[in-house]
Amino acid sequence: MLIKPSPGEKAFDIVNVVFMIVVSLVTLYPLLYVLISSVSDPQYVVQNRGITLYPHGFNLDAYAMVFRNPNILTSFGNTLFYVGAGTLLNIIMTSLGAYALSRKHLMLKNAVMFMIVFTMFFEGGLIPLYLLMQNLHLLDNRLAVIIPSAVSAFNLIIMRTAFQAVPESLEESARIDGAGDWTILFRVVLPLSMPVVAVMILFYGVSHWNSWFYASIFLQTREYFPLQIILREILISNDTSSMSVGVGTSDQMAIGETIKYATIIIATVPILLLYPFLQKYFVKGVMVGAIKE
Amino acid sequence: MSSYFTRLCRDLVRNRAVYFMLLPVVAYYVIFHYGPMYGLQIAFKDFSPAKGIGGSPWVGWKHFESFFGSVYFGRILGNTLLLSLYSLIFFFPTGIIFALLLNELRSGKLRKAVQTISYMPHFISLVVIVGMLFDFLARDGLINQVLGYLGIEAIPFMRSPGWFRTIYISSEIWQSIGWSSIVYLAAISTVNPTLYEAARMDGAGRFKQMWHVTLPGIIPTITIMLILFIGKFMTVSFEKIILMYNPVIYETADVIQTYVYRKGILEADFSYSAAVGLFNAVISFALLITANAVAKKLGETKLW
């Protein structure tokens with residue numbers, strides 16, 4: 001650029017960079033604190049809960065205890081099932097719907113679109129949904145945490161927009177070769193839309209991994225509980241007693257603290273490790289959704 | 001009319017494969033979204049499980065009247081509106097400002113790093129976020145330790161009604177500042193570069209460019225996001241509040257949706273809580289329509 005930055009602009013640049021670094025630190029530090037505390041010596045953590053920049057001692061007992069805990073293991077397995085089965089159902093339903101609604105000449109397209117978008121702004125609400133689930137005999141059933149969120153209108157719109165962007169000429173040449181709609185969807189449209197499929201897997205997968213509310217109202221049997229419900233007991237209801245059985249009482253209190261940190265790490269790290277790889281896709285995905293909204 | 005139906009029949013036959021694909025999605029929406037709307041009639045009935053939704057007797061506005069007359073009405077309506085209003089003032093602009101500032105960063109590397117870091121909390125579950133709040137804000141937690149260094153006495157944050165809104169909104173900003181900026185960054189990237197050139201020709205510095213080119217360029221996006229925000233005005237994030245609150249702070253933390261949850265799910269008072277929920281949904285919808293109409297009046301951008 002030919003124009004030299006004015007002193008005001010230079011100062012602004014510096015302030016801006018400092019601000020961004022502060023935002024990054026404020027974002028990262030709580031997570032770092034949790035990580036550090038989870039591997040520190042439990043007795044030290046209980047007595048010194050202020051700012052810390054590196055682990056004091058190195059102790060993985062909390063992790064060992066978390067991984068030995070049957071509640072955590074069962075719920076971890078359940079969550080994997082809910083994420084896997086739920087996301088699979090989401091992707092199948094959303095791609096079928098998005099493909100149908102991306103066809104130009106479908107007479108009922110606008111009516112169905114309206115029906116779907118309307119639910120984004122007006123809902124029957126919690127109580128009628130609960131009664132519906134009761135009538136369908138889905139209460140206390142594993143399906144109750146998968147089926148009510150089978151399609152997200154927002155994601156459907158994102159996917160439809162991506163499908164609309166597939167060049168028509170490709171579909172036409174497939175049609176000339178005798179391909180029907182199913183072939184076009186699976187052989188032409190989906191293979192060309194893999195970035196958006198990746199975004200959908202991420203969005204739906206994360207929402208299943210993190211969801212707890214439906215599970216908390218629809219499920220009673222402990223064997224069905226997802227990880228988040230057990231986390232809620234540990235982190236918010238403060239119940240770590242079941243996990244630290246067989247440890248002396250003062251140690252028990254101490255390790256209760258580090259167990260909390262270890263469970264946070266175990267519940268969070270899988271997703272945080274995954275997402276930087278998908279970042280460039282989801283930014284595109286959100287953009288597509290936003291621009292066409 | 002009959003020609004419409006013959007055309008429709010022909011369309012259904014010709015595109016039967018496509019309609020077949022659409023069937024599961026339509027069935028899902030009819031059952032799980034329109035089913036509950038049908039069930040909303042219990043708001044005007046005395047629902048009893050034995051008689052079912054259709055068979056329970058009509059009671060008119062009884063449940064609405066008892067809600068409007070109850071001591072909780074003013075409190076939870078006020079809490080809902082205040083929490084949303086504070087979110088609108090303090091949370092909503094953060095994504096816009098953050099996007100504008102990110103856009104002004106000269107170093108692409110720093111920008112990428114800040115983006116990656118700031119999107120991260122979006123993927124952390126509410127249970128973990130609230131769990132961390134409880135831990136950091138505990139009497140002997142991190143924040144109170146830091147206040148201790150400064151000679152400030154420990155504050156029981158999570159049990160103080162006066163702190164609830166601040167904690168709720170700050171943690172919202174912490175979790176979503178990066179994520180909510182994506183949409184605005186996308187909008188900024190579509191601003192025509194020749195506009196900046198023209199502005200530079202006219203001698204505009206970077207602030208002037210930001211103010212007169214970038215900001216006007218993303219006004220349509222801001223308007224859309226604002227309309228959507230207002231559509232969600234009454235719903236707040238009640239799942240987060242359920243995780244955060246306790247009876248000690250109900251006076252500021254209890255909102256309409258959490259009240260519905262307690263009355264309906266925990267106390268099984270179905271008809272009454274459905275009425276409260278319906279009241280909330282209708283207000284939300286009215287707000288959305290009003291916001292959209294106002295936007296239409298003021299300019300071009302609108303949701304429909």
Side-chain angles (χ1 to χ4, degrees), chain A residues 6 9 13 16 19-20 23-24 27-28 30 33 49-51 93 96-97 99-100 103 106-107 112 115-116 119 121-132 148 150-151 180-182 206 210 212-213 217 228 231-232 235-236 260 264 267-268 271-272 275-276 279 283 286-287 290-291 293, chain B residues 8 11 15 17-18 21-22 24-26 28-29 32-33 35-37 39-40 53 101 104-106 110 114 116-118 120-121 123-128 130-132 134-136 140-142 145-146 182-183 186 200 205-206 224 231 239 243 260-261 264-265 270 273-274 277-278 281 285 288:
Chain A
S6 69
E9 289 177 357
D13 275 332
N16 197 13
F19 173 76
M20 288 299 167
V23 168
S24 305
T27 306
L28 282 179
Y33 178 90
R49 301 188 60 189
I51 291 178
M93 299 263 291
L96 290 178
Y99 177 80
R103 302 300 87 196
L106 201 67
M107 277 180 71
V112 172
M115 182 189 101
I116 292 171
T119 63
F121 306 116
F122 189 85
E123 285 269 33
L126 187 58
I127 306 306
L129 178 65
Y130 183 83
L131 294 176
L132 175 77
V151 180
D181 284 297
W182 289 96
V206 168
N210 286 342
W212 67 278
F213 187 66
I217 58 174
Q228 299 294 334
L231 277 180
R232 185 190 184 192
L235 299 177
I236 296 170
K260 280 194 199 172
I264 291 180
T268 311
I271 283 175
L272 293 192
Y275 110 93
Q279 190 183 345
V283 171
V286 173
M287 272 152 103
I291 289 161
E293 208 151 19
Chain B
L8 183 62
D11 191 51
N15 289 316
V18 180
M21 291 176 187
L22 200 51
V25 177
V26 171
Y28 163 75
Y29 274 95
F32 289 97
H33 291 268
M37 287 187 211
L40 265 179
I53 292 172
L101 291 178
E104 294 298 325
L105 280 182
R106 286 177 185 274
L110 179 65
V114 174
T116 304
I117 291 168
S118 65
M120 216 151 64
F123 295 96
I124 299 175
S125 80
L126 272 182
V127 174
V128 167
V130 176
M132 281 163 54
F134 270 103
D135 189 77
F136 293 150
D140 55 349
L142 178 62
Q145 298 286 341
V146 173
I182 294 181
V183 133
R200 272 201 295 275
R206 274 171 58 217
I224 297 276
E239 292 186 20
L243 293 169
V260 170
Y261 165 77
I265 304 293
F270 294 125
S273 50
L278 178 58
F285 198 59
L288 180 76

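Chain A is the first sequence line, chain B the second, and so forth, proteins listed ahead of strands; every chain is numbered from 1. The analysis underlying the following values was restricted to heavy atoms, covering all of them including side chains, and did not include hydrogens, waters or symmetry mates.
Interface remark: L110(B) contributes side-chain atoms only to the contact with chain A (heavy atom separation under 4.5 Å). When heavy atoms are compared at a cutoff of 4.5 Å, I51(A) approaches chain B by way of both its backbone and its side chain. For F270(B), the parts sitting under 4.5 Å from any heavy atom of chain A are the backbone and the side chain alike. Only the side chain of R103(A) comes within contact range of chain B, with heavy atoms under 4.5 Å apart. Looking at V26(B), both its backbone and its side chain come within 4.5 Å of chain A, counting heavy atoms on both sides. In this structure, chain B has heavy atoms under 4.5 Å from both the backbone and the side chain of L129(A).
A heavy-atom distance below 4.5 Å is found between the side chains of T119(A) and M37(B). D135(B) has its side chain out of reach of L235(A): every pair of non-hydrogen atoms, C-beta onward, lies at least 4.5 Å apart.
Taking each heavy atom of S125(B) and Q228(A) in turn, the nearest pair found is OG-OE1, 2.8 Å. Nearest approach of I236(A) to V127(B), heavy atoms of both residues: CD1-O, 4.0 Å. When all heavy atoms of I127(A) and S273(B) are compared, the pair lying nearest together is CG1-OG, 3.4 Å. Considering all non-hydrogen atoms of both residues, E239(B) and W212(A) come closest at O-CZ2, 3.3 Å. Contact record, M107(A) with D11(B): N-OD2, 2.9 Å, taken as the closest heavy-atom pair. Contact record, M21(B) with L96(A): O-CB, 3.5 Å, taken as the closest heavy-atom pair.
The residue among V23(A), L231(A), T268(A), L106(A) with the most heavy atom pairs within less than 4.5 Å of chain B is L106(A). Contacts with chain A were tallied for F136(B), Y29(B), Y261(B); Y29(B) has the most, counting heavy-atom pairs under 4.5 Å. Interface remark: of the candidates F122(A), Y99(A), F19(A), Y130(A), F122(A) forms the most heavy-atom pairs closer than 4.5 Å to chain B. Interface check for chain B: of the options I217(A), L126(A), I264(A), I116(A), the most heavy-atom pairs under 4.5 Å are formed by I116(A). Put simply, of L278(B), L105(B), L243(B), V128(B), the one with the most heavy-atom pairs under 4.5 Å next to chain A is L243(B). If you tally non-hydrogen atom pairs under 4.5 Å between each of G125(A), G180(A), A267(A), S24(A) and chain B, the highest count goes to S24(A). Taking chain A as the reference chain and counting heavy-atom pairs below 4.5 Å, the highest number among V114(B), T116(B), I124(B) is found for T116(B). Heavy-atom pairs under 4.5 Å with chain A were tallied for L101(B), V25(B), V130(B); the largest tally goes to L101(B). Across L8(B), N15(B), V146(B), V260(B), the residue that shares the most heavy-atom pairs under 4.5 angstrom with chain A is L8(B).
Judged by distance alone, with hydrogens and angles left aside, the side-chain atoms of Y28(B) form a donor-acceptor pair with the main-chain N or O of P148(A) at under 3.5 Å. Under a 3.5 Å cut-off, the side chain of N210(A) and the backbone N or O of L126(B) do not form any donor-acceptor pair. Looking at D181(A), its side chain never comes within 3.5 Å of a backbone N or O of A17(B) through a donor-acceptor pair. E9(A) places a side-chain N or O within donor-acceptor distance of the main-chain N or O of R206(B), the cut-off being under 3.5 Å.
Of the inter-residue distances, the one linking F123(B) atom CZ with L272(A) atom CG reads 9.0 Å to the nearest 0.5 angstrom.
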